[in-house]
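The figures that follow rest on heavy atoms only: side chains count, while hydrogens, waters and symmetry mates do not. Chain A is the first sequence line, chain B the second, and so forth, proteins listed ahead of strands; every chain is numbered from 1.
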Protein chains: 4
Amino acid sequence: MQLIVNPSDELPIYRQIMRQITEAIAGGRLKSGDRLASHRELSEQLVIAPLTVKKAYDELEALGYIDTQRGRGTFVSAHLPEIDRADQTIQLQEAARRLLAQAYLAGLSLADTINLLKTADRELTDGPAVPQAKESA
Amino acid sequence: MQLIVNPSDELPIYRQIMRQITEAIAGGRLKSGDRLASHRELSEQLVIAPLTVKKAYDELEALGYIDTQRGRGTFVSAHLPEIDRADQTIQLQEAARRLLAQAYLAGLSLADTINLLKTADRELTDGPAVPQAKESA
Amino acid sequence: MQLIVNPSDELPIYRQIMRQITEAIAGGRLKSGDRLASHRELSEQLVIAPLTVKKAYDELEALGYIDTQRGRGTFVSAHLPEIDRADQTIQLQEAARRLLAQAYLAGLSLADTINLLKTADRELTDGPAVPQAKESA
Amino acid sequence: MQLIVNPSDELPIYRQIMRQITEAIAGGRLKSGDRLASHRELSEQLVIAPLTVKKAYDELEALGYIDTQRGRGTFVSAHLPEIDRADQTIQLQEAARRLLAQAYLAGLSLADTINLLKTADRELTDGPAVPQAKESA
DNA sequence: GTGGTCTAGACCACC
DNA sequence: GTGGTCTAGACCACG
């Protein structure tokens, strides 16, 4: 599992890490029980402070995505969280609206945007083609 | 043009304003040449500091969405920015991937997510049904 | 003498007018005794408030470039001002430095920039080829 | 990197800061990757409000000259902006025309003005001899 | 420590 | 009235 981090990105580094891990879970590239790299390993790999990685893991654990077992390591949670549907749906609906607004400003149509989603579906399961880029404004 | 702002939202207030204005442009509710409320006026309406509105306007101007004329007011730009297509497409593709990842984590399918987009299309042109909510990570 | 004004320009409108008139004098297209358009005429031509034109004329008169004769009109001054050399030279030296800095940032060389000046020399006497554009930042 | 600011100058303080930094980049005294003083630090040095410095930095970032990294500092951009050549050339050509018009009004010749540029070239790489002066109209 | 945001209030220039 | 600038001080999030 290769992560990439961009310190100039508007999104905090620990959130970039969280996002990549949750996306990997969503895409099925990480499964319940899979072991994650330790803080130390990951922080060396990404050339960032170990505390930053720890914060990402802590938050992911609080959200129920991963479990830390002292002395053994960190693993993708056996029972992934079932998020409150009502709340989640509102958030997703808004995220969809934002995506579409961006697309319209760029001159794309609804159909174009749907195609983006279909491409995204392939990317998610294979891992991103293009590593990581700037958070859109 | 009715804006709504939520100070406890994770997204900064000036960004909430920016987003609502760009979405209004994307949805066709604001057109080139339309006059925006002055930053003082809007700040009273929203019960926030004038500088906060001004910051939103400044950034929108830097991005090319609006034009300000000293002593006269602020207007939707006559020539809306044509952003670099290549760069734009990458950003949109990533935004699509993030949306889909969120949706999958919530248990939705690709088809469900496409339906979200279709609903968003209606919202964009009419104005958002639900005012404003938290920025999802 | 055709003037052009851009309300979106950072430079105030009255200053845009002042600049174009002084440039015309510098280039020899306006000579001592030449008659300028009246406030009224010019404000109609440019579609701006008469007060704005008046302010430009007032300032030019205060600087000694033009003379207003009540009931007769406004004329290019018979004795154009001789500006304080010492002060003027410092200002020019700085203006030159700013021009060169801009040019360097754009990738031009000193020689390129000198060529710009030579072209400008021709433009000044003939009137600008390209009407008027944004004040550079 | 020593900056100097003049609050009574017609040019806003934040612009004076912007100009000095871009000129330092143009003259090669600041290079990609160099770290700038934090806006707090600089504001103490210059005895102005931190927000004023921040505004200068924000604008420079929007223009692509510098990058900020939360918690780490502000750096000269690794990829300095390559501005649209066509547009840039028009702006430079106008700036040259304005400089020359000023020079002519002061009684200088084309040759004199070219010499000003040559002097400016030396100043730019060494840092300005004369600190800062009034924006000429 | 860094940058990011927000406030309340001031003064100026322009139209 | 409009936008443009600046201040002094506050609180937060990040690394």
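Pairing of F:dC14, defined by two Watson-Crick or G-U wobble distances under 3.5 Å, is identified with E:dG1.
Applying the 6.0 Å contact sphere to CZ of A:Arg35 captures more than 12 heavy atoms from other residues, nucleotides or ligands.
If you find the closest nucleotide of DNA chain E to C:Lys55 and to B:Ile13, the one lying nearer the 5' end belongs to B:Ile13. When each of D:Gln69 and D:Leu51 is assigned the nucleotide of DNA chain E with its nearest heavy atom, D:Gln69 is the one assigned upstream, toward the 5' end. Along DNA chain F, the nucleotide nearest to D:Pro50 and the one nearest to B:Tyr57 differ in position, and the one closer to the 5' end is contacted by B:Tyr57. Between B:Gly71 and D:Tyr14, the residue whose closest nucleotide on DNA chain F is further toward the 5' end is B:Gly71.
Using a 4.0 Å heavy-atom cutoff across all strands shown, B:Glu41 reaches sugar-phosphate atoms only and no base atom. Contacts of D:Lys54 with the nucleic acid, taken as non-hydrogen atoms under 4.0 Å apart, include base atoms. Among the protein residues, C:Ile48 comes within range of no part of the nucleic acid, since none of its heavy atoms lies under 4.0 Å from any strand.
In terms of heavy atoms, B:Leu92 sits closest to A:Gln102 at CD2-CB, 3.7 Å. The two residues B:Leu3 and B:Leu46 come nearest to each other via the heavy atoms O-CD2, 3.4 Å. Shown here for C:Leu63 and C:Pro81, the closest heavy-atom pair between the two residues is O-CG, 3.4 Å. Here the closest non-hydrogen pair linking D:Leu80 and D:Tyr65 is CD2-O, 3.8 Å.
Between the B:Gln20 side chain and the B:Gln16 main chain, a donor and an acceptor come within less than 3.5 Å of each other.
For the pair A:Leu42/A:Gln45, a side-chain contact is recorded, criterion being any heavy-atom separation below 4.5 Å from C-beta on.
Spacing between atom CD of C:Glu59 and atom C1' of E:dC14 amounts to 12 Å, rounded to whole angstrom units. The CG-P distance, from C:Asp58 to E:dC14, rounds to 13 Å in whole Å. Computed from coordinates, the D:Asp9 CG to E:dC12 C1' distance equals 15 Å when rounded to whole Å.
First and last contacts of DNA chain F with chain D, using any nucleotide atom under 4.0 Å from a protein heavy atom and ordered 5' to 3', fall at F:dT5 to F:dG15.
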